[in-house]
A.B. asks: 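Below are the structure tokens for one structure; questions will follow.
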Amino acid sequence: MDLTSWAIFPLLLASIGVYGLYKLLQKLRSGAYLQAAVVVITGATSGLGKECAKVFYAAGSHLVLCGRDEERLKDLVQELNNMRLKSTQLHKPHMVIFDLSDVEAVNTAAKEILHLAGRVDILINNAGISYRGTILDTKVSVDRMVMDTNYFGPVALTKALLPSMIKNRRGHVVVISSVQGKISIPFRSAYSASKHATQAFFDCLRAEMSPYDIDVTVVNPGYIKTNLSLNAVTGDGSGYGVMDKNTADGRTPEEVAQTVLRAVGERRKELLVAGLVPTLAVYLRTLAPTLFFSIMSARAKKERKLKDS
């Protein structure tokens, strides 16, 4: 081994040490940021929202849990209260019941949230509804219903809580969007349109809030193993009621919730939580759009053929 090799070895060890120290400091900062923070979570009664409630509660955050079903919210609060975590000071969660698709109800709920908690440090816009259907067979009322829940609801709640964040010079807005906020796939038009609108709005919000030290994080997950497809609506507004294979094979909500927790603690601006194929598709849409469009056309033909058979 020559002198150059001997010189590189201690530099390598030093680099590993510096990186390890950086990650440790980052973890400590993240923990301090989340502990005792007031965290509002919409769609908290099931799926990803419920798992986010568990991980943020375990991190020591003050939770305000939001949803439409009072009984399920009570069950979640009871489940959280039964958790035993010696290393973390736990805080009793609050509940606020409202329908995110009702803008007037959202404004009233925002006032109740501030009354209960005094402030909001982190808002996690998680609630949403999915959709399956063809554009030709989908009523405009269904397009509007999906937009109300997935786009206008989170926008209304965010706007209602922003003034208090600006006043406190502290705040973090998180939105659970989707890979379909980056790319569009056949027979998901209403859902994908709502997520594209969400992506655009919160990208604008990030830029406009930077003078006030308010962070914005957009999380774009791929398929998550929840009841999202089971609870999806179809073109006439009726329930879809099917667990798609891709959804069934998706990431667990527990895994994605931990990823959201880390992204918020690190104050990430955007995060893509997807497998190799969806991730490649996002880049393909930008770098080789003609090829992407051809692939989506082929997918539409294949899915139509399967439906007709």
A.B. asks: Can you tell me how far apart CG (L65) and CD1 (I97) are? Round to the nearest 0.5 Å.
C.D. replies: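 Going from the CG atom of L65 to the CD1 atom of I97 covers 10.0 Å.
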A.B. asks: Are a donor atom and an acceptor atom from the side chains of S101 and D148 found within less than 3.5 Å of each other?
C.D. replies: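 S101 vs D148: no donor-acceptor pair found between side chains.
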A.B. asks: Look only at the side chain of S192 and the backbone of S189, and say whether a donor-acceptor pair between them is shorter than 3.5 Å.
C.D. replies: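 Side chain of S192 to backbone of S189, a donor-acceptor pair under 3.5 Å: no, none is there.
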A.B. asks: Is the shortest side-chain heavy-atom distance between I214 and H172 below 4.5 Å?
C.D. replies: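 Sidechains of H172 and I214: no contact.
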A.B. asks: Would a distance-only check, ignoring hydrogens and angles, find a side-chain to backbone donor-acceptor pair under 3.5 Å from T234 to S238?
C.D. replies: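 At least one qualifying donor-acceptor pair exists.
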A.B. asks: Cationic tip of R132 within the cone over Y240's six-membered ring, i.e. under 6.0 Å and within 45° of the normal?
C.D. replies: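 So R132 does make the cation-pi contact.
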A.B. asks: Would you sort out whether R119 and D121 count as a side chain to side chain contact (heavy atoms under 4.5 Å, CB included), showing the intermediate values?
C.D. replies: CA-CA 7 Å; R119 69 180 195 278; D121 298 313; 2.9 Å; yes
A.B. asks: For S61 and Y57, indicate whether the former's side chain and the latter's backbone hold a donor-acceptor pair under 3.5 Å.
C.D. replies: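 Here the side-chain-to-backbone pair does not exist.
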A.B. asks: Out of V38, D215, L34, which residue meets the side-chain contact (heavy atoms from CB on, under 4.5 Å) rule with I122?
C.D. replies: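 Considering V38, D215, L34, a side-chain contact (heavy atoms from CB on, under 4.5 Å) with I122 is found only for L34.
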A.B. asks: Can you name the closest pair of heavy atoms from L73 and G67 and give their distance?
C.D. replies: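 Minimum heavy-atom separation between L73 and G67: CD1-N, 3.7 Å.
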A.B. asks: Out of curiosity, T45 OG1 to E70 CD, how far, rounded to the nearest 0.5 Å?
C.D. replies: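 So the OG1 of T45 and the CD of E70 are separated by 12.5 Å.
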A.B. asks: Just how far is it from atom CG of L272 to atom OG of S177, taken to the nearest 0.5 Å?
C.D. replies: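 The OG atom of S177 is 10.5 Å from CG of L272, to the nearest 0.5 Å.
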A.B. asks: Without hydrogens or angle criteria, can the side chains of Q258 and E51 be said to hold a donor-acceptor pair below 3.5 Å?
C.D. replies: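 Absent: no donor and acceptor within the cut-off.
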A.B. asks: For the backbone of G43 and the side chain of N126, can you confirm whether one donor and one acceptor N or O come within less than 3.5 Å of each other?
C.D. replies: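 Answer holds: yes.
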A.B. asks: What about L123 and V103, same hydrophobic cluster or not, with Ile/Leu/Val/Met/Phe/Trp/Tyr joined at side-chain heavy-atom distances under 4.5 Å?
C.D. replies: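 Not linked; separate clusters.
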A.B. asks: CZ of R299: more than 12 outside heavy atoms within 6.0 angstrom?
C.D. replies: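 Yes - once you tally the heavy atoms of other residues, nucleotides and ligands closer than 6.0 Å, there are more than 12.
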A.B. asks: Using the rule given for side chain to side chain contact (heavy atoms under 4.5 Å, CB included), can you reason through D249 versus Y223, listing the C-alpha separation, both sets of side-chain angles and the distance that settles it, and then say yes or no?
C.D. replies: CA-CA 8 Å; D249 294 338; Y223 292 104; over 6 Å; no
A.B. asks: Give a yes/no verdict on a cation-pi contact between R188 and Y131, requiring under 6.0 Å between NZ or CZ and the six-membered ring centre and an angle within 45° of the axis.
C.D. replies: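 Output no; distance or angle outside limits.
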A.B. asks: Do you know the tightest heavy-atom contact between A110 and L157?
C.D. replies: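 Shortest heavy-atom contact: CB-CD1, 4.2 Å.
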A.B. asks: Could you check whether any side-chain heavy atom of V96 comes within less than 4.5 Å of a side-chain heavy atom of F98, counting everything from C-beta outward?
C.D. replies: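 Yes, close enough: below the 4.5 Å cut-off.
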A.B. asks: For the residue pair F292 and L287, establish whether any side-chain heavy-atom pair is separated by less than 4.5 Å.
C.D. replies: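 In short, these two side chains do not touch, never coming nearer than 4.5 Å.
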A.B. asks: At what distance, to the nearest 0.5 angstrom, does CG of L291 lie from CG of L284?
C.D. replies: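 Going from the CG atom of L291 to the CG atom of L284 covers 4.5 Å.
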A.B. asks: Apply side chain to side chain contact (heavy atoms under 4.5 Å, CB included) to residues V233 and V146 and explain how you reach the verdict.
C.D. replies: CA-CA 9 Å; V233 294; V146 174; 4.0 Å; yes
A.B. asks: Could you pull out the closest heavy-atom pair between S210 and A207, with the gap in Å?
C.D. replies: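 Where S210 meets A207 most closely, the heavy atoms are OG-O, 2.8 Å.
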A.B. asks: Testing the basics here: between Y191 and S130, what is the closest heavy-atom pair and its distance to 0.1 Å?
C.D. replies: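 For Y191 and S130, the tightest heavy-atom pair comes out as CD1-CA, 3.7 Å.
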A.B. asks: Got a donor-acceptor contact below 3.5 angstrom from the T259 side chain to the E255 backbone?
C.D. replies: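 Between the backbone of E255 and the side chain of T259 there is a qualifying donor-acceptor contact (under 3.5 Å).
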A.B. asks: Drop me the distance from N220's CG to L271's CG, to the nearest 0.5 angstrom.
C.D. replies: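 The distance works out to 8.0 Å.
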A.B. asks: Regarding N125 and T158, is there a side-chain donor-to-acceptor distance under 3.5 Å anywhere?
C.D. replies: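 Per modelled atom types, N125 and T158 side chains form a pair under 3.5 Å.
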A.B. asks: NZ/K50 to OG1/T226 distance, rounded to the nearest 0.5 angstrom?
C.D. replies: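 The NZ atom of K50 sits 12.5 Å away from the OG1 atom of T226.
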A.B. asks: If I compare all heavy atoms of G275 with all of R251, which pair ends up nearest, and what's the gap?
C.D. replies: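 Scanning both residues, the minimum pair turns out to be N-NH1, 3.5 Å.
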A.B. asks: May I ask whether I166 and L161 are part of the same hydrophobic cluster, defined by side-chain heavy atoms of I, L, V, M, F, W, Y residues being less than 4.5 angstrom apart, directly or through others?
C.D. replies: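 Yes, I166 connects to L161 through the hydrophobic network.
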A.B. asks: Are the side chains of N231 and S46 in contact, using a 4.5 Å heavy-atom criterion?
C.D. replies: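 No, too far: nothing below the 4.5 Å cut-off.
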A.B. asks: Evaluate the criterion side chain to side chain contact (heavy atoms under 4.5 Å, CB included) for residue pair V218 and Q199; output intermediate values, then yes/no.
C.D. replies: CA-CA 7 Å; V218 180; Q199 178 78 49; 3.6 Å; yes
A.B. asks: Just by distance, do the side chain of S194 and the backbone of N150 share a donor-acceptor pair under 3.5 Å?
C.D. replies: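 Side chain of S194 to backbone of N150, a donor-acceptor pair under 3.5 Å: no, none is there.
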A.B. asks: State whether the side chain of D69 and the backbone N or O of R72 hold a donor-acceptor pair below 3.5 Å, judged by distance alone.
C.D. replies: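 Answer holds: yes.
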A.B. asks: Please check if atom CZ in R68 has more than 12 non-hydrogen atoms from other residues, nucleotides or ligands closer than 6.0 Å.
C.D. replies: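 No.
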A.B. asks: Taking V242's backbone N and O only, do any of them form a donor-acceptor pair with S229's side chain (distance below 3.5 Å, no angle check)?
C.D. replies: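 Answer holds: yes.
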A.B. asks: Does a side-chain heavy-atom distance below 4.5 Å link L63 with I41?
C.D. replies: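 A side-chain contact exists here, since the closest heavy-atom pair is under 4.5 Å.
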A.B. asks: I want to check something: taking the side chain as every heavy atom from C-beta on, are P221 and I224 in contact at a cut-off of under 4.5 Å?
C.D. replies: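 Answer yes - side chains close enough.
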A.B. asks: What is the ring orientation for H91 with H62, classed by angle as parallel under 30°, tilted 30 to 60°, or perpendicular over 60°?
C.D. replies: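 Parallel.
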A.B. asks: Report whether I124 and I129 are members of the same hydrophobic cluster (ILVMFWY, side-chain heavy atoms less than 4.5 Å apart, transitive linking).
C.D. replies: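 Each belongs to a different hydrophobic cluster.
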A.B. asks: Group every Ile, Leu, Val, Met, Phe, Trp and Tyr by side-chain heavy-atom contacts under 4.5 Å, then state whether V173 and V175 land in the same group.
C.D. replies: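 In one cluster with V173: V175, yes.
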A.B. asks: Between K195 and I176 (side chain of the first, backbone of the second, donor and acceptor by atom type, cut-off under 3.5 Å), is there such a pair?
C.D. replies: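 Between the backbone of I176 and the side chain of K195 there is a qualifying donor-acceptor contact (under 3.5 Å).
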A.B. asks: State plainly whether one hydrophobic cluster holds both I183 and Y151, where clusters connect Ile, Leu, Val, Met, Phe, Trp and Tyr through side-chain heavy atoms under 4.5 angstrom apart.
C.D. replies: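 In one cluster with I183: Y151, no.
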A.B. asks: Can you confirm whether I135 is buried at CD1, in the sense that more than 12 heavy atoms of other residues, nucleotides or ligands lie under 6.0 Å from that atom?
C.D. replies: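 It does not: I135 CD1 has 12 such atoms or fewer within range.
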A.B. asks: Looking at K54 and E254, is any side-chain nitrogen of the basic one under 4.0 Å from a carboxylate oxygen of the acidic one?
C.D. replies: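 No, E254 and K54 are not salt-bridged.
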A.B. asks: Grab the two heavy atoms, one from C66 and one from I113, that are nearest each other, plus how far apart they are.
C.D. replies: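 Between these two residues, the closest heavy atoms are SG-CD1, 4.1 Å.
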A.B. asks: Going through the checks in order, is the salt bridge (charged side-chain N to carboxylate O under 4.0 Å, His left out) test met by R206 and D203?
C.D. replies: CA-CA 5 Å; R206 184 187 300 109; D203 280 352; 3.0 Å; yes
A.B. asks: Given 3.5 Å as the limit, does a donor-acceptor pair link the side chain of R170 with the main chain of M165, or not?
C.D. replies: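 No; zero donor-acceptor contacts below 3.5 Å.
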A.B. asks: Contact between M296 and F293 at the side-chain level, heavy atoms closer than 4.5 Å - yes or no?
C.D. replies: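 Not in contact.
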A.B. asks: Under 4.5 Å between any side-chain heavy atoms of V64 and V39, yes or no?
C.D. replies: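 No - every pair of side-chain heavy atoms lies 4.5 Å or more apart.
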